[in-house]
Student: 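The structure follows.
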Amino acid sequence: IRAATGCDVYVYQDVLARGLAGVGDVVCFSVFTSKRGQLQASSPVVRTATHLGYAQTGIFRTGGPCDHKTDAGTVDCQEVRRVFGTEARVSKEMGKGLIFGRRVAFNAYMNDEGRVYVVSVEEVDEGFSPTPGNLTVSYSMPNFVPADGHPKAELGMLGSFVPFDAS
């Protein structure tokens, strides 16, 4: 978005929290222009990848909507399907050792062609839940520079988050 518009997107803390997102996570969301003229993320924010382990869970399936020459199968995940309209593809290399019908935790991204690919995956038990992002601390991502170059512009952004303390 920054490359296309020159602007960062503002995301409210409660919207990030509902999406279990934190600083450094890869998220997907719809954008609108607020009354103040800012680009703003609308709810829901869906976390597709995190540095805290895994962002999503789903069921590994062989076959399905994938390229059988290069893909082992897909991960059927309600959140990914709701946002992207498809399952996340699993490469043959990534799918080694995965068993059809088993629950997996994974991180994914969307490529330039609009396909969602799993970048890390692991079989998990039914009780597994992804670790939510931490929005209770201030943190800046290394090498992150807000669109306007001013540190104050970082407030509330996923690239750098400073929680608001009303006390």
Side-chain angles (χ1 to χ4, degrees), residues 1-5 8-34 39-68 70-137 139 141 144 156-161 163:
I1 293 174
R2 178 191 285 186
T5 67
D8 290 314
V9 177
Y10 186 87
V11 186
Y12 280 103
Q13 181 176 355
D14 64 326
V15 173
L16 291 172
R18 282 193 304 267
L20 304 178
V23 174
D25 290 348
V26 176
V27 294
C28 178
F29 50 83
S30 295
V31 177
F32 69 96
T33 304
S34 71
L39 292 179
Q40 188 171 319
S42 66
S43 197
V45 166
V46 177
R47 182 169 76 155
T48 62
T50 181
H51 60 280
L52 297 173
Y54 297 102
Q56 294 291 337
T57 59
I59 304 297
F60 177 69
R61 309 250 187 248
T62 53
C66 64
D67 180 347
H68 299 289
T70 58
D71 299 336
T74 61
V75 175
D76 186 6
C77 170
Q78 180 179 347
E79 286 293 300
V80 170
R81 184 184 297 268
R82 181 169 61 99
V83 172
F84 299 107
T86 188
E87 298 174 0
R89 296 173 178 217
V90 180
S91 70
K92 286 189 178 188
E93 182 66 31
M94 196 75 45
K96 287 181 180 175
L98 296 180
I99 299 171
F100 177 86
R102 297 274 178 92
R103 184 165 185 209
V104 295
F106 68 100
N107 288 313
Y109 77 98
M110 180 189 284
N111 70 9
D112 292 338
E113 298 167 350
R115 293 188 178 110
V116 181
Y117 280 93
V118 170
V119 293
S120 58
V121 63
E122 177 180 327
E123 189 175 313
V124 294
D125 62 34
E126 290 299 318
F128 176 84
S129 212
T131 302
N134 186 355
L135 295 175
T136 63
V137 296
Y139 174 79
M141 288 176 49
F144 176 79
M157 290 181 197
L158 203 54
S160 176
F161 184 76

Student: For Ser34, which residues count as a side chain to side chain contact (heavy atoms under 4.5 Å, CB included) partner, sequence neighbours excluded?
Tutor: Phe32, Arg36, Gln38, Gln40
Student: How long is the gap from CZ on Arg102 to CD on Glu126, to the nearest 0.5 Å?
Tutor: 10.5 Å
Student: Quick one, Pro44 and Arg82 - any side-chain contact, counting heavy atoms below 4.5 Å?
Tutor: yes
Student: Let me check something: any side-chain donor-acceptor pairs from residues 52-60 under 3.5 Å, sequence neighbours excluded? List them with distances.
Tutor:
{"unit_1": "Tyr54", "atom_1": "OH", "unit_2": "Glu122", "atom_2": "OE1", "d": "3.1"}
{"unit_1": "Gln56", "atom_1": "NE2", "unit_2": "Arg47", "atom_2": "O", "d": "2.8"}
{"unit_1": "Thr57", "atom_1": "OG1", "unit_2": "Arg103", "atom_2": "NH2", "d": "3.0"}

Student: Taking all atoms of both residues into account, what is the closest heavy-atom pair of Val118 and Ala88, and its distance?
Tutor: CG2-CB, 3.8 Å
Student: If every non-hydrogen atom of Leu16 is compared with every non-hydrogen atom of Leu135, which pair is closest and at what distance?
Tutor: CB-CD1, 3.5 Å
Student: Sequence neighbours excluded, which residues qualify as side chain to side chain contact (heavy atoms under 4.5 Å, CB included) partners of Ser30?
Tutor: Ser42
Student: State whether the side chain of Thr48 and the backbone N or O of Ala108 hold a donor-acceptor pair below 3.5 Å, judged by distance alone.
Tutor: yes
Student: I need the minimum non-hydrogen distance between Val119 and Tyr109, along with the two atoms involved.
Tutor: CG1-CD2, 3.0 Å
Student: Say you draw a straight line from CG of Asp25 to CG of Asn134; how long is it, rounded to the nearest 0.5 Å?
Tutor: 10.5 Å
Student: With side-chain contact (heavy atoms from CB on, under 4.5 Å) as the criterion, how do Val9 and Phe29 come out once you've worked through the C-alpha distance, each side chain's angles and the decisive distance to 0.1 Å?
Tutor: CA-CA 10 Å; Val9 177; Phe29 50 83; 3.7 Å; yes
Student: Which residues pass the salt bridge (Lys or Arg N to Asp or Glu O under 4.0 Å) test with Arg18, not counting sequence neighbours?
Tutor: Asp14
Student: Ser120: which residues meet the side-chain hydrogen bond (donor to acceptor under 3.5 Å, both in side chains) condition with it, sequence neighbours left out?
Tutor: Asn107
Student: For Glu113, enumerate each residue passing the side chain to side chain contact (heavy atoms under 4.5 Å, CB included) test, keeping only those at least two apart in sequence or located in another chain.
Tutor: Asn111, Arg115
Student: Could you measure the distance from the NZ atom of Lys92 to the CG atom of Leu98? Nearest 0.5 Å is fine.
Tutor: 14.0 Å
Student: With sequence neighbours left out, write down each residue that passes salt bridge (Lys or Arg N to Asp or Glu O under 4.0 Å) with Asp125, or none if nothing qualifies.
Tutor: none
Student: Check whether more than 12 heavy atoms from other residues, nucleotides or ligands sit under 6.0 Å from atom CD of Gln78, and answer yes or no.
Tutor: no
Student: Are Val80 and Val75 close enough that some pair of their side-chain heavy atoms sits under 4.5 Å apart?
Tutor: no
Student: What is the minimum heavy-atom distance between Val23 and His51, and which atoms define it?
Tutor: O-CE1, 2.9 Å
Student: Just verifying a value: how many Å separate Thr86 OG1 and Met110 CE, rounded to the nearest 0.5 Å?
Tutor: 9.5 Å
